[in-house]
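I have placed the structure first, in the form of structure tokens, so that the comments after it can refer back to it.
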Amino acid sequence: MKILDRIFGSYEGESVTEYTLVNDYGMMVSCLNYGCVITKIIVPDRHGNFENVVLGFENFEDYTEWSPYFGAVVGRVAGRINGASFELDGKEEYHLADNDYPNHIHGGKKGFNSVIWKTEIIEEENAVGLKFFYHSPDGDEGYPGNLDTTVTYILNNKNELDITFEGKTDQKTVVNLTNHSYFNLSGNVKRDCSEHILQLESDQFLELGEGFIPTGKMIDTKNTPFDFKHGRRLRSGMVSSHPQNVLVGNGYDHPLVFTKKDENTIMLSDEESGRSLLVSTDQPCVVLYTGNQLEGPYSIAGVRSRNYLGVCLETQGFPDAIHHPEFPSVILNPEEVYYSKTVYRFFANTLGD
């Protein structure tokens, strides 16, 4: 196992480094110290062809100009916050950047996705990784408290990428972190993700209203395009007339609530390549986003960007939880440690499996 590095660009006078984690079986994960962005995940298909299965850019400038959070850590709070403001203890109101006017999204105009993180290399017998550190000062993007965040990426010889988030604050605040990678298991963006099959245990999803903000209502998934218990092609939501699919631009951009309260799993598969991704997480929901708004004047690996080129599986707490006391809390107190873990395991099925 080994770690490679190269200069990828510069940002605000600091070098941007791309690190590549390599295991003994050829799997590679490349990431930046800018936004903890995962630029590439190289894994084999059923024929042993190694290809990239996430969306990313070859040039750093594209990340600052175009990227819809490709591969980045988003925070302090992932997702939207209604009205770009919130109260704590019914007292002081905090005003955030309305970067998804009139709401706040993914931590603000300069969230965790667009800052340089300090980096430490991890080398173990059967694993290599990186530990990223960032100090977000009190008032950063409007959030209260000094927040020290650690993000750890570990690649092992089981073809697993472990991502852990930790955070500590000196003042009551809100924290909800996730990784915003777009997966495309076809390899090197050969096809879109419409024929990918998703399977997970979820009896309910959060209804979205205006501005894609959760209304607080949970809708049963049974007999809807949101029922993935037995596996469902993502295309079904893209062509669905269900009001919730239509609302978000014909597809999915919804928090699916896990049935269980502890460790939950998600299976994403592409039959043609034979690749599968098994995701395990300790978070209460996954925001399923099928890239409904990806069309743009830029290219990804030589392919002009278009809708549905990638699918995000954003494991996290409920979006806009600070405005819904019935949702699991995203409040972090000074005596507590924020902790979240998600594991991504890649494998390929041979023909006939």
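Connection of Phe205 to Phe318 is not established within any shared hydrophobic cluster, with ILVMFWY side chains joined at heavy-atom distances below 4.5 Å, either directly or through further cluster members. Under the 4.5 Å side-chain heavy-atom criterion for ILVMFWY residues, a single connected hydrophobic cluster contains both Tyr63 and Val303. Tyr344 is connected to Val311 through a chain of hydrophobic side-chain contacts under 4.5 Å among Ile, Leu, Val, Met, Phe, Trp and Tyr, so both are in one cluster. Under the 4.5 Å side-chain contact rule for hydrophobic residues, Val74 and Leu161 do not share a cluster. Under the 4.5 Å side-chain heavy-atom criterion for grouping Ile, Leu, Val, Met, Phe, Trp and Tyr, Ile163 is connected to Ile41 within one hydrophobic cluster.
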Leu332 vs Leu147, test: side-chain contact (heavy atoms from CB on, under 4.5 Å). Steps then yes/no. CA-CA 10 Å; Leu332 182 67; Leu147 180 68; 4.0 Å; yes
side-chain contact (heavy atoms from CB on, under 4.5 Å) between Leu200 and Asn264, worked out: CA-CA 8 Å; Leu200 72 149; Asn264 288 281; over 6 Å; no
Test side-chain contact (heavy atoms from CB on, under 4.5 Å) on Ser276 and Asn349 and set out the steps. CA-CA 8 Å; Ser276 290; Asn349 296 312; 3.8 Å; yes
side-chain contact (heavy atoms from CB on, under 4.5 Å) evaluation trace for Phe132 with Val73: CA-CA 11 Å; Phe132 299 99; Val73 165; over 6 Å; no
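When side chains are defined from C-beta on, Thr39 does not count as touching Cys31, because their heavy atoms never get closer than 4.5 Å. Here the side chains of Val128 and Lys2 are not in contact, with every heavy-atom distance at 4.5 Å or above. Residues Asn156 and Asn126 form no side-chain contact, since every pair of their non-hydrogen atoms from C-beta on lies 4.5 Å or further apart. Taking the side chain as every heavy atom from C-beta outward, Phe226 and Ser240 never approach each other to under 4.5 Å. Residues Val151 and Thr164 are not in side-chain contact: their nearest non-hydrogen atoms beyond the backbone lie 4.5 Å or more apart. A 4.5 Å side-chain heavy-atom check between Leu234 and Ser194 finds every atom pair outside the cut-off. The side-chain heavy atoms of Cys285 and Gln316, taken from C-beta on, include a pair separated by under 4.5 Å. The shortest distance between side-chain heavy atoms of Asp140 and Pro137 falls below 4.5 Å.
Between the side chain of Thr178 and the backbone N or O of Thr315, at least one donor-acceptor pair lies under 3.5 Å. The main-chain N or O of Leu268 is never found under 3.5 Å from a side-chain atom of His196 such that the two would form a donor-acceptor pair. Not one N or O on the side chain of Asp203 forms a donor-acceptor pair closer than 3.5 Å with the backbone of Thr259. Panel note: side chain Asp192, backbone Leu309; no donor-acceptor pair is recorded below 3.5 Å. The backbone N or O of Lys168 lies less than 3.5 Å from no partner atom in the side chain of Asp148, so there is not a single donor-acceptor pair. Formation of a donor-acceptor pair under 3.5 Å by the Asp162 side chain with backbone atoms of Val343 is not found in this model. In terms of modelled atom types and a separation under 3.5 Å, the side chain of Arg304 and the main chain of Gly296 share a donor-acceptor contact. The main-chain N or O of Phe112 is never found under 3.5 Å from a side-chain atom of His106 such that the two would form a donor-acceptor pair. With Tyr11 contributing its side chain and Thr64 its backbone, the two residues share no donor-acceptor pair below 3.5 Å. A donor-acceptor distance shorter than 3.5 angstrom exists from the side chain of Asn307 to the backbone of Leu294, with no hydrogens or angles considered.
A donor and an acceptor atom, one from each side chain of Asp270 and Ser186, are nowhere located under 3.5 Å apart. At a cut-off of 3.5 Å, with distance as the only test, no side-chain donor of Asn82 or Asp320 sits close to an acceptor on the other residue. Side-chain contact, Lys131 with Thr152: a donor N or O sits under 3.5 Å from an acceptor N or O. Checking Asn292 against Asn250 by side-chain atom types alone, no donor-acceptor pair falls below 3.5 Å.
Checked against a 6.0 Å centroid threshold, the rings of His104 and Tyr94 do not count as neighbours.
Interatomic distance, CE of Met27 versus NZ of Lys158, reported as 13.5 Å (0.5 Å rounding). Taking OG of Ser236 as the reference point, atom NE2 of His242 lies at 11.5 Å (rounded to 0.5 Å). Separating the CG atom in Asn49 from the OG atom in Ser273 is a distance of 10.0 Å, to the nearest 0.5 Å. Here the CG-CZ distance, from Leu96 to Phe86, works out to 5.5 Å after rounding to the nearest 0.5 Å. Atom CG of residue Leu288 and atom CG of residue Leu198 lie 6.0 Å apart, to the nearest 0.5 angstrom. Here the OG1-OH distance, from Thr17 to Tyr34, works out to 14.5 Å after rounding to the nearest 0.5 Å.
A salt bridge links Glu271 with Arg233: the closest approach of a Lys/Arg side-chain nitrogen to an acidic carboxylate oxygen falls below 4.0 angstrom. Ion pairing between Arg76 and Glu141 fails under the 4.0 Å rule for side-chain N and carboxylate O. A salt bridge links Lys190 to Glu51: one of the charged nitrogens lies within less than 4.0 Å of a carboxylate oxygen.
At most 12 heavy atoms of other shown residues, nucleotides or ligands fall within 6.0 angstrom of atom OH in Tyr25. Counted within 6.0 Å of CD on Gln171, heavy atoms from surrounding residues, nucleotides or ligands total more than 12; the atom is thus considered enclosed. A 6.0 Å sphere centred on CD of Glu93 holds more than 12 heavy atoms belonging to other residues, nucleotides or ligands. Within a 6.0 Å sphere centred on CD of Glu58, heavy atoms belonging to other residues, nucleotides or ligands number 12 at most. In this structure, Glu210 places its CD atom where only 12 or fewer heavy-atom neighbours from other residues, nucleotides or ligands lie under 6.0 Å away.
Results of the ring pair (Phe, Tyr, Trp, His ring centres under 6.0 Å) test with Tyr252 over Phe212, Phe228, Tyr289 single out Phe228 as the only residue that passes.
For Asp138 against Gly145, the heavy-atom pair with the smallest separation is OD1-N, 2.7 Å. The heavy-atom pair separating Glu272 from Arg46 by the smallest distance is O-NH1, 2.9 Å.
Between Trp117 and Tyr134, the ring planes lie tilted relative to each other; the angle falls in the 30° to 60° range. Note: Phe70 and Phe57 have tilted aromatic rings, judged against thresholds of 30 and 60 degrees for the angle between ring planes. Below 30°, between 30° and 60°, or above 60°: for Phe183 and Phe346 the angle between ring planes is between 30° and 60°, a tilted geometry. By the 30° and 60° cut-offs, the orientation of the rings of Tyr69 relative to His180 is tilted.
Every residue two or more places apart in sequence or in another chain that forms a side chain to side chain contact (heavy atoms under 4.5 Å, CB included) with Ser340 is listed here: Phe165, Asp282, Gln283, Tyr338.
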